[in-house]
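In what follows, a structure is listed as structure tokens, so that the remarks can point back to it.
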Amino acid sequence: MKVFICVSCSRIGDVYAFYVTHSTHSTYLYHYITPHSSPYTENFDSIQAASYSVIDDPSATLPPDLLSICKDKGNNPPAREVVVQADSSGLINSSTVSTQCGGDSVCVIPFGTTLQVDTSLSLAALIVKGVVEWTDDTQVNPRAFMCAGYIAVEGFGKWEMDVQTKDAFVYIKNNGAVHSKLRSRGFGSVALNTGDYPTIDITGRELARTWSLLSKPLRQGDDNVQLMHNPNFMGWRAGDRIAVAPTAKLAKGHGEEFTITSIQENGSLILDSLAQYDHQSEFVKASSGGHPALLSAEVVNLSRNIVITGDDFMHEQCDPSLPEAVPGEETSVLGCRCSSFRQQCTNGLHTAAMHGGTASIQNVRIERCGQRGVEGKYCLHFHKLHDCPTCLFKNNVVENSHQRGIIVHSTHSSVVEGNVLYNVRGSGIYIEDG
């Protein structure tokens with residue numbers, strides 16, 4: 001497995017993690033990783049105002065009605081469970097599911113039934129024991145979404161998603177729906193019984209590379225970026241968001257975000273705004289007995305055509321009655337547990353593949369993720385999948401997380417590579433028990 005943990009955009013291997021983009025973020029990082037969390041919560045609004053999400057970007061082209069149908073609809077947990085009925089073909093589409101399940105039920109796709117996602121779909125919650133098929137061929141319009149309070153793949157269910165030429169959004173609502181294992185605001189798979197083998201396979205538009213290095217310095221006032229790799233060959237496009245890492249000493253610099261307005265034939269990127277800071281690209285001469293080194297800012301692509309997003313973060317008051325997950329850690333997998341140093345948690349969406357089966361997520365953007373103070377609720381999470389050579393997190397973007405980035409917990413032979421972690425609070429990549 002190719003992984004690394006970095007501070008302020010250092011690079012080792014094939015995975016990148018950026019942290020510093022605004023001074024407010026770095027100022028309150030210390031208070032996130034210590035019991036003294038009050039400065040973090042007191043400045044939460046300003047931190048969020050300095051953060052980015054696609055669904056809050058007025059220039060982003062979203063699927064029609066996504067925000068009006070899915071966003072901020074309040075606490076309305078599902079009151080019933082509906083098992084979808086298909087005809088003899090076993091195939092159903094989005095409109096059939098919407099008609100049968102409505103907006104007030106846990107909608108179940110049973111084993112032997114395949115949901116082909118052709119149009120946008122809003123549900124209270126979704127359990128997949130059959131198959132969800134979502135591809136360029138099934139999706140009718142250029143942009144579509146599915147939103148639910150949670151989406152759980154169980155048993156031998158399969159979530160098969162391969163969208164290369166269109167845009168697709170999975171939107172996790174904060175509607176009070178709670179799954180028995182994933183809990184609230186979750187998207188993922190879980191093996192509930194011995195022998196279960198749920199599968200998640202998501203592939204967005206292929207990128208040959210997710211990052212490069214400056215080939216010449218980017219100076220304050222510049223709007224032209226030159227890279228060591230040609231963005232035309234990497235699969236980058238006009239309209240993509242990029243970030244340039246800081247290169248100031250002692251991690252005191254600022255990363256910057258831009259949108260590519262055009263790409264010239266020679267590979268130069270024309271940006272939508274002028275650089276506010278200097279970003280270096282040079283060889284540092286060797287000291288006596290040493291070796292020369294390349295000091296060059298990393299440049300990462302933050303755009304993907306498949307986006308996992310959801311309602312904004314919410315502060316949740318703690319519950320003293322929740323059981324402790326691990327004695328002495330003062331956290332719970334069931335929700336926000338009161339502790340000696342925490343009276344509230346900060347919850348966004350989370351994803352997980354748990355206890356069995358396999359998961360492959362490639363070329364996907366995950367935002368507004370992580371649940372600070374709740375045990376095991378992260379942005380991308382392999383959880384106790386044992387030996388899993390087909391488990392893969394590749395070329396994804398995790399941006400604006402409040403609880404770490406990528407977690408590999410007791411999952412062996414898995415691969416994590418080419419991912420971009422940007423504005424992640426806590427560890428970028430966290431490996432536990434193998």
Side-chain angles (χ1 to χ4, degrees), residues 28-48 51 72-81 106 124-125 127 148-152 154 172-188 190 192 310-355 368-384 400-405 407 409-410 424-427 430 432-433:
Y28 296 106
L29 175 61
Y30 170 76
H31 297 290
Y32 173 75
I33 58 178
T34 70
H36 309 292
S37 61
S38 58
Y40 166 84
T41 54
E42 290 167 2
N43 290 274
F44 180 82
D45 289 343
S46 62
I47 293 173
Q48 283 302 100
S51 301
D72 298 335
K73 296 306 177 184
N75 191 325
N76 296 295
R80 60 195 180 111
E81 182 176 289
V106 176
I127 293 176
Y150 66 76
I151 297 174
E154 298 180 358
I172 303 300
K173 298 185 284 190
N174 181 22
N175 65 355
V178 178
H179 184 263
S180 62
K181 294 296 183 182
L182 287 175
R183 307 303 294 170
S184 64
R185 305 177 74 174
F187 171 72
V190 55
L192 296 174
D311 284 338
D312 208 347
F313 293 97
M314 180 191 72
H315 294 310
E316 177 186 350
Q317 292 303 121
C318 67
D319 181 349
S321 68
L322 293 178
E324 197 172 25
V326 178
E329 289 191 358
E330 300 186 76
T331 58
S332 177
V333 298
L334 300 184
C336 184
R337 183 184 187 277
C338 296
S339 73
S340 59
F341 53 85
R342 179 179 53 250
Q343 300 304 309
Q344 68 177 13
C345 301
T346 306
N347 294 343
L349 68 88
H350 74 98
T351 78
M354 304 173 63
H355 301 302
R368 286 182 165 180
C369 52
Q371 298 184 0
R372 183 185 70 92
V374 183
E375 182 83 10
K377 306 300 185 288
Y378 313 113
C379 298
L380 284 170
H381 186 192
F382 291 141
H383 184 75
K384 296 184 178 181
N400 193 9
S401 165
H402 283 265
Q403 174 68 311
R404 303 189 175 100
I407 309 300
H409 183 185
S410 191
V424 170
R425 295 166 184 88
S427 303
Y430 189 98
E432 183 178 4
D433 300 336

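Side-chain atoms of D311 and K173, non-hydrogen and from C-beta on, do get closer than 4.5 Å to each other. R372 is not listed as a side-chain neighbour of R425, based on a closest heavy-atom distance of 4.5 Å or more. Using a 4.5 Å heavy-atom threshold, the side chains of L192 and K181 count as touching. At a threshold of 4.5 Å between non-hydrogen side-chain atoms, the residues I172 and I151 count as touching. Side chains of E375 and R183 form no contact here, defined as non-hydrogen atoms less than 4.5 Å apart. At least one side-chain heavy atom of V190 sits under 4.5 Å from a side-chain heavy atom of H179.
G310 approaches L349 most closely through the heavy-atom pair N-CD2, 3.7 Å. P77 and N75 get closest at one heavy-atom pair: CD-OD1, 3.0 Å. Between E316 and C336, the shortest heavy-atom contact is O-SG, 3.6 Å. Across R185 and N347, no two heavy atoms sit closer than the pair NH1-O, 2.8 Å. Residues A152 and L182 come closest through the heavy atom pair CB-CD1, 3.7 Å. Contact between A125 and A148 at its shortest, heavy atoms only, is CA-CB, 4.0 Å.
With hydrogens and angles disregarded, a donor-acceptor distance shorter than 3.5 Å links the side chain of S332 to the backbone of P323. A donor-acceptor pair under 3.5 Å is formed between the side chain of N175 and the backbone N or O of A124.
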Taking it one step at a time, do K384 and M354 satisfy side-chain contact (heavy atoms from CB on, under 4.5 Å)?
CA-CA 6 Å; K384 296 184 178 181; M354 304 173 63; over 6 Å; no

Evaluation steps, side-chain contact (heavy atoms from CB on, under 4.5 Å), between E324 and R337:
CA-CA 8 Å; E324 197 172 25; R337 183 184 187 277; 3.8 Å; yes

Hey, mind stepping through S340 and E330 against side-chain contact (heavy atoms from CB on, under 4.5 Å) and telling me if it holds?
CA-CA 8 Å; S340 59; E330 300 186 76; 3.1 Å; yes

side-chain contact (heavy atoms from CB on, under 4.5 Å) assessment of C318 paired with Q343:
CA-CA 5 Å; C318 67; Q343 300 304 309; 3.7 Å; yes

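One distance of note links CD of Q344 with OG1 of T41; it measures 5.5 Å at 0.5 Å rounding. With rounding to the nearest 0.5 Å, the separation of CD1 in I407 from OH in Y378 is 5.0 Å. Once rounded to the nearest 0.5 Å, the distance linking CZ of F313 with OG of S401 reads 6.5 Å. Of the inter-residue distances, the one linking C369 atom SG with Q403 atom CD reads 10.0 Å to the nearest 0.5 angstrom. If you take OG on S180 and OH on Y150, they are separated by 7.5 Å, rounding to the nearest 0.5 Å. Between the SG atom of C379 and the CZ atom of R404 there is a distance of 11.0 Å, given to the nearest 0.5 Å.
For D312, the salt bridge (charged side-chain N to carboxylate O under 4.0 Å, His left out) test picks out R368, with sequence neighbours left out.
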